[in-house]
Amino acid sequence: MDNEAVKQLNTFGGRKTFRFKSFNQRIDAIEIGVSRRIVRDFDEPEDHGSYFAEALDKWSELNCTKDFTDLSAQLRSHRQSLAQILYHKEEIVSILLSYLTLDHALVVESVLDLVTTLARDLQDEVLPYFERLVRQILPLIKADSAEIVEAACNALAYLFKYLSKSLTKDLRPTFDLISPMLGAERQRANVRRFSAESMAFLIRKLRGTALQSFVSHTVQAMVGCSLNRVSDFRDGLALLYFECIKNVNSQLHSRASPVLTAMLRELYKEELAVSRLEDSATYMLVLSVVKLSLHYVKRDYAEPIWSTLLTEYDSQTQALRDGRAERIQPFAALLGLFSSATVLRKGSRISDYSPMIQRCQTAFDISHETATDDRHQQLLQTHEGSSMDAILTTSRLKWLSGLLLQCDMTHLLSTGRLLLDLAFTRESLGSLLSMALTLARLQWNQWNQIMLPYLTKMTVRMWSTHRLPLLMFWTELFQKNLFSSKDSSISSVVTARGQILFPSPSQDTPLAGTSVSRLLLEWLAEPVEWSALAEQSMVIPADDDGEDDDEELGLTGSESSSNGVVQALATKSAILTMLEHTVVDSQMLLDGLRMFATHASEAIAELTSKFASASECLRNRPLGADEHGQGNSNTKSTTDVWPSDATEALGLFIPRSERLFWGPYYQLYPLVCLLGRALKMEAQVLHHVSTLDDTSKKALDMWFLVLHNVLPAHSANTSLVEGMCKLAGYLRYAVTVIKSAEKLSPETKQNVLTALSSEQLILLVPCLEDNLLSTQPSLRLKTLQLLSLFDQVPAEKGGQNEKSGTDEETSCNVIQLAADLESIPPTLDTYKDRLNYMRRMSVFSSNGRIPKIYEN
């Protein structure tokens with residue numbers, strides 16, 4: 001009892017002697033260390049005495065409950081001598097078993113101690129009752145009392161210890177008794193841990209074939225259990241073997257290497273008829289034991305694990321090269337173990353990376369040999385006919401990625417580049433792109449300096465045959481912000497502006513004389529039958545009832561035309577993304593963007609006219625009305641305009657599960673977005689072109705083309721409004737900045753001023769004023785910024801002008817005030833700034849100086 005009190009003493013300071021611990025805290029503090037506990041008994045029992053009689057006397061004084069008094073009375077006549085205990089052993093065991101239940105919770109701890117002392121006295125004479133005792137003790141491990149749980153686990157461990165010589169002759173029956181507590185049946189995690197700690201030290205006593213047969217038996221039991229129990233049972237077995245090979249002070253037991261070797265031998269027997277190593281229960285068991293061990297030990301004590309794995313790896317490699325290997329699955333499993341163990345704890349458990357890098361190079365050599373050897377090709381096929389090549393490639397590149405991430409710069413500059421040379425020479429394109437994306441997501445600090453040059457050279461070399469997967473790779477890299485140019489100052493393929501410079505193709509490649517950027521522009525200019533967009537529908541799942549559909553938003557339509565137009569949209573979008581981050585000649589890029597924008601504008605205008613003429617509600621839509629037919633009092637009644645199928649014309653189908661969005665011309669939304677992106681890119685490039693007059697003329701032509709043919713019907717498209725804003729910003733820059741204005745001819749300058757005049761603003765405001773009521777902040781902001789670039793209309797006369805009697809006209813800056821207000825984020829830190837802008841706008845409005853064009 002004193003021991004129990006001491007465990008709850010407060011050792012963290014404070015005035016309280018005892019410190020409260022919850023049940024989980026007390027359970028976590030339990031440690032079954034019977035195998036490491038040395039008990040020296042200087043007071044041996046008398047010649048005819050016994051440990052059982054001494055324990056009974058001790059508990060008779062400590063436990064005065066009625067249950068224990070009755071128990072002591074029943075045992076008193078059988079405890080006089082060791083010979084008497086041996087003679088009445090069956091009666092004694094039966095009496096003890098009757099009290100080993102939670103119905104007698106007050107005496108369970110005492111009875112468990114009596115059971116262990118009985119086993120200590122009788123040794124092998126208890127074996128006939130061993131199974132009955134174990135089955136009676138196991139349910140106690142699941143009790144709600146931490147004291148009973150600890151006592152039951154210790155009793156079980158002591159039984160194993162005192163009977164170890166007999167049990168280790170064949171440990172499989174004992175395992176079958178314990179397996180339900182290890183996870184073969186549903187158990188709590190702490191129950192699996194206690195059961196593993198109790199039995200683990202018995203495995204250390206196994207040698208040779210006994211150890212191998214036991215490991216084989218446990219693996220077969222795991223594989224043969226029900227599917228819903230495999231995961232928990234595997235975790236329980238992993239704890240069992242981990243407790244077997246661990247030692248004190250973050251070290252490993254001397255039996256660690258033999259036990260791990262036996263597990264690997266059992267793994268070699270399994271036919272890996274799976275698409276991934278992670279689908280193999282045996283592989284995951286071995287991997288879990290390796291991970292638990294590496295997490296536990298320090299780097300200086302991890303040598304037994306690495307030496308065992310390296311020895312097995314060398315053995316399998318030599319067997320493959322000598323032609324003695326009948327199966328390649330063992331080699332694949334070892335590759336998987338190395339690839340996972342290398343990155344554990346950020347590689348801190350590896351003391352020397354040189355052996356790892358040498359073995360990784362061997363893995364690439366083996367892959368090259370298997371690719372040219374017919375016999376090795378047969379080994380790549382499992383008994384079910386599925387290829388092992390994908391598993392080998394994944395494990396090989398995963399191992400390489402881990403080594404690149406963790407090893408120091410010295411190894412990277414020497415053997416690291418050699419491994420990359422082998423990988424980019426022998427591996428498939430898809431595997432290399434996947435590895436590069438993985439390293440980018442993990443933010444490898446040498447990605448720009450080491451990986452990027454390999455990728456650019458491979459892109460140039462393989463563009464002619466694999467342009468689509470390469471395009472999608474670079475697009476994902478840029479869109480998900482996996483590429484950063486901050487640390488690329490010493491990279492040979494990244495410019496100061498953060499753009500990637502692809503090398504010139506060599507003469508022996510299909511791209512000789514043609515750069516990747518030129519091919520991208522040619523691909524962008526390839527004609528597309530955009531009329532197929534008319535057959536598409538774009539749906540958003542309804543979630544009013546809380547039943548969300550997992551399908552992504554997308555285009556759907558007839559299968560014959562859907563694939564082509566959807567792929568074209570995705571391809572054009574990817575090309576624009578790649579062009580934004582690639583070094584391209586400015587004039588060539590402008591020509592390509594204008595060609596694409598012109599074709600897109602013409603297609604949008606044609607399809608918009610087609611939709612409008614085919615729909616009565618769009619054909620009769622009054623000027624100034626919104627998409628729901630609402631406008632000022634001069635417009636026609638909406639009941640006269642909209643037919644009964646108006647929802648269909650607007651793209652709003654009646655079923656909630658198929659509601660459509662983006663307005664009447666929703667099919668054209670993706671194409672309009674691409675047009676907006678092209679306009680934005682064109683405006684950005686224009687600032688770096690020297691031939692200002694010519695480019696300004698072409699920019700002005702594009703401005704009027706989109707302004708007249710596209711913007712009126714698609715004014716609510718944020719991307720389009722942003723593109724027009726950027727283009728207008730460049731035009732304003734061209735006529736405002738002195739150095740730029742000097743390069744413009746008088747005719748071009750006048751045309752630009754006319755395009756941005758207040759008269760054009762008056763015509764544009766009715767088209768864009770509905771955007772100011774949008775719930776999208778970006779659409780409101782871009783609309784206001786676009787309107788602020790025009791010459792503002794004069795303010796109405798009133799207020800201070802009337803009082804002073806002056807007729808001087810002043811420009812109305814309410815649009816600029818609104819744009820500044822919208823550009824300030826609505827946060828607690830900036831709300832005062834927003835209030836100041838709102839007061840200024842309120843004062844401007846209260847003076848009656850708001851022009852009539854802004855009155856809505």
Side-chain angles (χ1 to χ4, degrees), residues 524-525 527-540 553-557 561-562 564-577 579-580 592-615 618 621 626-627 649-652 660-684 701-728 764 767-768 770-771 774-776 778-783 785-786:
L524 180 65
V528 177
E529 191 64 32
W530 296 117
S531 59
L533 285 171
E535 303 174 8
Q536 308 300 314
S537 60
M538 199 165 289
V539 302
I540 182 172
L553 305 181
L555 290 166
T556 60
S561 58
S562 175
V565 72
V566 171
Q567 184 175 354
L569 286 169
T571 301
K572 302 297 184 184
S573 176
I575 293 174
L576 291 176
T577 300
L579 286 173
E580 289 177 359
L593 291 174
R594 284 168 183 159
M595 185 179 299
F596 169 74
T598 301
H599 292 165
S601 300
E602 293 173 352
I604 293 171
E606 180 182 353
L607 291 173
T608 300
S609 176
K610 179 180 178 180
F611 291 152
S613 61
S615 175
L618 295 176
R621 181 175 175 177
D626 61 14
E627 65 179 16
L650 284 173
L652 301 171
L660 303 177
F661 54 105
W662 292 326
Y665 309 105
Y666 65 92
Q667 297 99 326
L668 302 180
Y669 182 88
L671 184 57
V672 177
C673 288
L674 291 182
L675 175 60
R677 290 184 59 189
L679 294 177
K680 180 181 177 181
M681 286 185 60
E682 180 179 353
Q684 293 172 347
D701 293 339
M702 182 58 64
W703 165 266
F704 281 117
L705 176 64
V706 178
L707 181 67
H708 295 152
N709 298 335
V710 180
L711 189 62
H714 304 276
S715 58
N717 189 296
T718 306
S719 179
L720 179 64
V721 174
E722 182 180 6
M724 292 293 286
C725 179
K726 296 294 183 181
L727 198 57
L764 188 61
C767 176
L768 298 177
D770 290 342
N771 293 352
S774 173
T775 58
Q776 303 179 34
S778 59
L779 179 59
R780 298 196 303 268
L781 176 61
K782 297 305 177 183
T783 301
Q785 290 176 345
L786 174 59

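For clarity, every value in this text was computed on a predicted model and none was experimentally measured. Side-chain atoms are counted along with the backbone in the values below, which use heavy atoms only and exclude waters and symmetry mates. Each residue takes its place number in the sequence, starting with 1.
In this structure, NZ on Lys726 lies 14.0 Å from CZ on Arg677, to the nearest 0.5 angstrom. For the atom pair OG (Ser778) and CG (Asn771), the distance works out to 10.0 Å, reported to the nearest 0.5 Å. Rounded to the nearest 0.5 angstrom, Leu671 CG and Trp530 CH2 are separated by 5.0 Å. We find the CG-CG distance between Leu705 and Leu711 to be 11.5 Å, quoted to the nearest 0.5 Å. The structure places CG of Leu679 at 6.5 Å from OG of Ser601, a figure rounded to the nearest 0.5 Å.
Summarising the geometry of Ala683 relative to Leu727, their closest heavy-atom pair is CB-N, 3.8 Å, with the distance given to 0.1 Å. For the pair Leu576 and Ala678, the tightest heavy-atom approach, listed with the atom from each and the gap, is CD1-N, 4.4 Å. Of all the heavy atoms in Pro712 and Leu707, the pair that sits closest is CD-O, 3.2 Å. The two residues Ser531 and Glu529 come nearest to each other via the heavy atoms OG-OE2, 2.8 Å. Taking every heavy atom of both residues into account, Leu720 and Asn717 meet most closely at N-OD1, 3.0 Å. Closest approach of Met724 to Leu786, counting heavy atoms only: O-CD1, 3.8 Å.
In this structure, the side chains of Asn709 and Ile604 stay at 4.5 Å or more apart for every pair of heavy atoms. Within the 4.5 Å cutoff, the side chain of Phe611 has heavy atoms near those of the Leu668 side chain.
A side chain to side chain contact (heavy atoms under 4.5 Å, CB included) with Val721 holds for exactly one of Lys782, His714, Arg780; it is Lys782.
Checked by atom type and distance alone, the side chain of Thr577 pairs as donor or acceptor with a backbone atom of Ser573 at under 3.5 Å. Between the side chain of Ser715 and the main chain of Cys767, a donor-acceptor pair closer than 3.5 Å is present. In terms of modelled atom types and a separation under 3.5 Å, the side chain of Ser609 and the main chain of Ala605 share no donor-acceptor contact. Judged by distance alone, with hydrogens and angles left aside, the side-chain atoms of Thr598 form a donor-acceptor pair with the main-chain N or O of Arg594 at under 3.5 Å.
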Practice item. Report the C-alpha distance between Val528 and Lys572 in whole Å, list the side-chain angles of each, state the deciding distance to 0.1 Å, and finish with yes or no for side-chain contact (heavy atoms from CB on, under 4.5 Å). Key: CA-CA 10 Å; Val528 177; Lys572 302 297 184 184; 3.6 Å; yes
Check your understanding: Stepwise, does the side-chain contact (heavy atoms from CB on, under 4.5 Å) test hold for Thr608 with Val710?
Key -> CA-CA 8 Å; Thr608 300; Val710 180; over 6 Å; no
Review point. Which is it for His599 and Met595 under the side-chain contact (heavy atoms from CB on, under 4.5 Å) test, yes or no, and what are the steps along the way?
Key: CA-CA 6 Å; His599 292 165; Met595 185 179 299; 3.6 Å; yes
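Checked against salt bridge (Lys or Arg N to Asp or Glu O under 4.0 Å), Lys680 has the following partners two or more places apart in sequence or in another chain: Glu722. Taking the salt bridge (Lys or Arg N to Asp or Glu O under 4.0 Å) definition, one finds that Glu606 meets it with nothing, sequence neighbours left out. The side-chain hydrogen bond (donor to acceptor under 3.5 Å, both in side chains) check on Gln684 picks up nothing, with sequence neighbours excluded.
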